[in-house]
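Worksheet: one structure, shown below.
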Amino acid sequence: MVSKTEEDRVNRLGIQVDNGGGGAWEYLSLVRKLRLRRSDKVLKHGISLLNDAKSRSALGTEEWTLYEQVAIAAMDCQCLDVAKDKINVLKKKFPGSKRVGRLEAMLLEARGSYEEAGKAYLSLLEENPFDQFIQKRRVAMAKAEGNMSRAIELLNKYLEIFMADHDAWRELAEIYVSLQMYKQAAFCYEELILSQPTIPLYHLAYADVLYTLGGLDNIQTAKKYYASTIDLTGGKNTRALFGICLCTSAIAHLTKGRGKEDKERSDQLQSLSSKALEEDYKQRATEKLFLLSSAFKSMKL
């Protein structure tokens, strides 16, 4: 994940380059290093550098890295003629290169020639079965075709080999959620929390899934993970605060007065969450405070 400091630096550099203040190569390098998707700007500033013979020669061997970066950005922006031109330059420079072969397969994919792209990817995988990039492209292509069952199958096979790939687990979880396969999604988020326990996003997503599944046990567990999200974010996650209130309301309905001691602890947590939400709305959206009060009444809080 990109830190706020890194994101701020990229944004500052982007504004600087857009305003003619220089630093285009630094910006492009940083975007590539952080694996950010800034295709329109990469295409604009990358072509500008490549079209300037002096700037291009100053890059040395990094020139070819820039050709690759611009080709991928061009495909993302559907400027397929530009992408083809850059790939042809690389193909001439590196004949028989598997890395260039990947770009050619991606160009077929960008054109919507999924069958041909699939064959090209399979051919490349035969030579290197552990190519993570190609395996992920096959997942993306299955999603583009609307074949979610195929995407799930490919991701599960991928994760059998690359179990520590957090992005793949998150992608699989989001696909499961989109298909309302919440138990499978919950398993994915459990894996993410085990491997990266300090990332609040995973705690929050897991809580959302458990709340959606319903049932007393799931909702009680969801409440704990909403609470851990609040703890990890210093009490500043509005969604998690709402989650505490929703869980408290649902638990009260399901238990109907059972467990007095638990109810007292639950009421205290709910009260703190409600107050935090009210303070947040007073500071940021005073005109919507009445909607919050109405929501609390509907939850009988």
Side-chain angles (χ1 to χ4, degrees), residues 28 31-32 34-47 49-51 61-163 165-179 181 188:
L28 294 168
V31 167
R32 186 172 64 252
L34 299 177
R35 298 182 180 181
L36 297 174
R37 192 171 183 174
R38 302 283 193 276
S39 301
D40 53 342
K41 290 191 176 186
V42 168
L43 184 60
K44 177 184 175 183
H45 301 305
I47 286 178
L49 278 176
L50 290 174
N51 288 341
T61 56
E62 291 290 340
E63 174 187 348
W64 312 113
T65 304
L66 182 56
Y67 268 104
E68 180 184 43
Q69 188 178 9
V70 170
I72 293 171
M75 285 186 267
D76 205 17
C77 295
Q78 281 296 298
C79 298
L80 302 185
D81 289 339
V82 174
K84 184 179 179 181
D85 177 59
K86 305 310 174 194
I87 292 170
N88 284 338
V89 172
L90 289 168
K91 192 174 180 180
K92 185 177 179 181
K93 176 67 178 177
F94 306 102
S97 166
K98 305 306 177 194
R99 190 160 171 171
V100 177
R102 281 193 328 195
L103 291 174
E104 290 180 301
M106 289 173 65
L107 184 58
L108 289 169
E109 182 186 343
R111 286 175 173 160
S113 303
Y114 296 128
E115 188 175 346
E116 292 179 59
K119 289 177 182 177
Y121 285 138
L122 277 174
S123 176
L124 290 165
L125 278 176
E126 284 175 6
E127 298 182 34
N128 181 11
F130 301 107
D131 190 319
Q132 290 178 267
F133 183 87
I134 292 176
Q135 291 196 40
K136 287 183 176 183
R137 286 313 321 157
R138 294 179 72 207
V139 173
M141 195 163 64
K143 287 181 68 180
E145 292 179 280
N147 191 346
M148 292 303 180
S149 60
R150 177 63 173 159
I152 289 171
E153 179 189 348
L154 290 170
L155 269 172
N156 276 306
K157 285 182 179 178
Y158 173 85
L159 285 166
E160 286 175 8
I161 303 169
F162 304 104
M163 292 179 238
D165 191 327
H166 306 125
D167 290 334
W169 279 113
R170 186 177 172 189
E171 178 76 14
L172 183 58
E174 289 174 358
I175 292 174
Y176 280 138
V177 169
S178 72
L179 298 174
M181 298 170 71
C188 295

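With rounding to the nearest 0.5 Å, the separation of CG in D40 from NE2 in H45 is 8.5 Å. Atom CD in Q69 sits 10.5 Å away from atom CG in L43 (nearest 0.5 Å). Interatomic distance, CG of L66 versus NZ of K86, reported as 9.0 Å (0.5 Å rounding). The line from CG of L108 to CD of E115 is 11.5 Å long, rounded to the nearest 0.5 Å. Atoms CG and OG, on L90 and S97 in that order, are 8.0 Å from each other to the nearest 0.5 Å. How far CG of D131 is from NZ of K136: 11.0 Å, rounded to the nearest 0.5 Å.
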Checking R150 against E153 for the salt bridge (charged side-chain N to carboxylate O under 4.0 Å, His left out) test, could you report, in this order, the C-alpha distance in whole Å, the side-chain angles of both residues, the deciding distance, and whether it holds? CA-CA 5 Å; R150 177 63 173 159; E153 179 189 348; 3.3 Å; yes

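Seen from the ring of F133, R102 counts as a face-on cation partner, given the 6.0 Å and 45° thresholds.
The environment of CG in D81 is sparse: at most 12 heavy-atom neighbours from other residues, nucleotides or ligands sit within 6.0 Å.
Within the 4.5 Å cutoff, the side chain of M75 has heavy atoms near those of the L103 side chain. Side-chain contact between L154 and Q135 is absent, with no heavy atoms from C-beta onward closer than 4.5 Å. When side chains are defined from C-beta on, E109 counts as touching Y114, because their heavy atoms get closer than 4.5 Å. Side-chain contact between V100 and K92 is absent, with no heavy-atom pair separated by less than 4.5 Å.
With respect to K143 and E171, a salt bridge is recorded, a charged nitrogen being found less than 4.0 Å from a carboxylate O. Under a 4.0 Å N-O distance rule, the pair K157/E160 does not qualify as a salt bridge.
Using bins of under 30°, 30° to 60° and over 60° for the plane-to-plane angle, the ring pair W64/Y67 lands in the parallel bin.
Closest heavy-atom contact between I152 and M181: CD1-SD, 4.4 Å.
Scanning for side-chain hydrogen bond (donor to acceptor under 3.5 Å, both in side chains) contacts around R111 gives an empty result, with sequence neighbours left out. Listed by chain and residue number, V2, E6, V10, L30, L36 satisfy the side chain to side chain contact (heavy atoms under 4.5 Å, CB included) test with L34 (two or more places apart in sequence, or in another chain). Evaluation of the side-chain hydrogen bond (donor to acceptor under 3.5 Å, both in side chains) rule for K44 yields no partner, not counting sequence neighbours.
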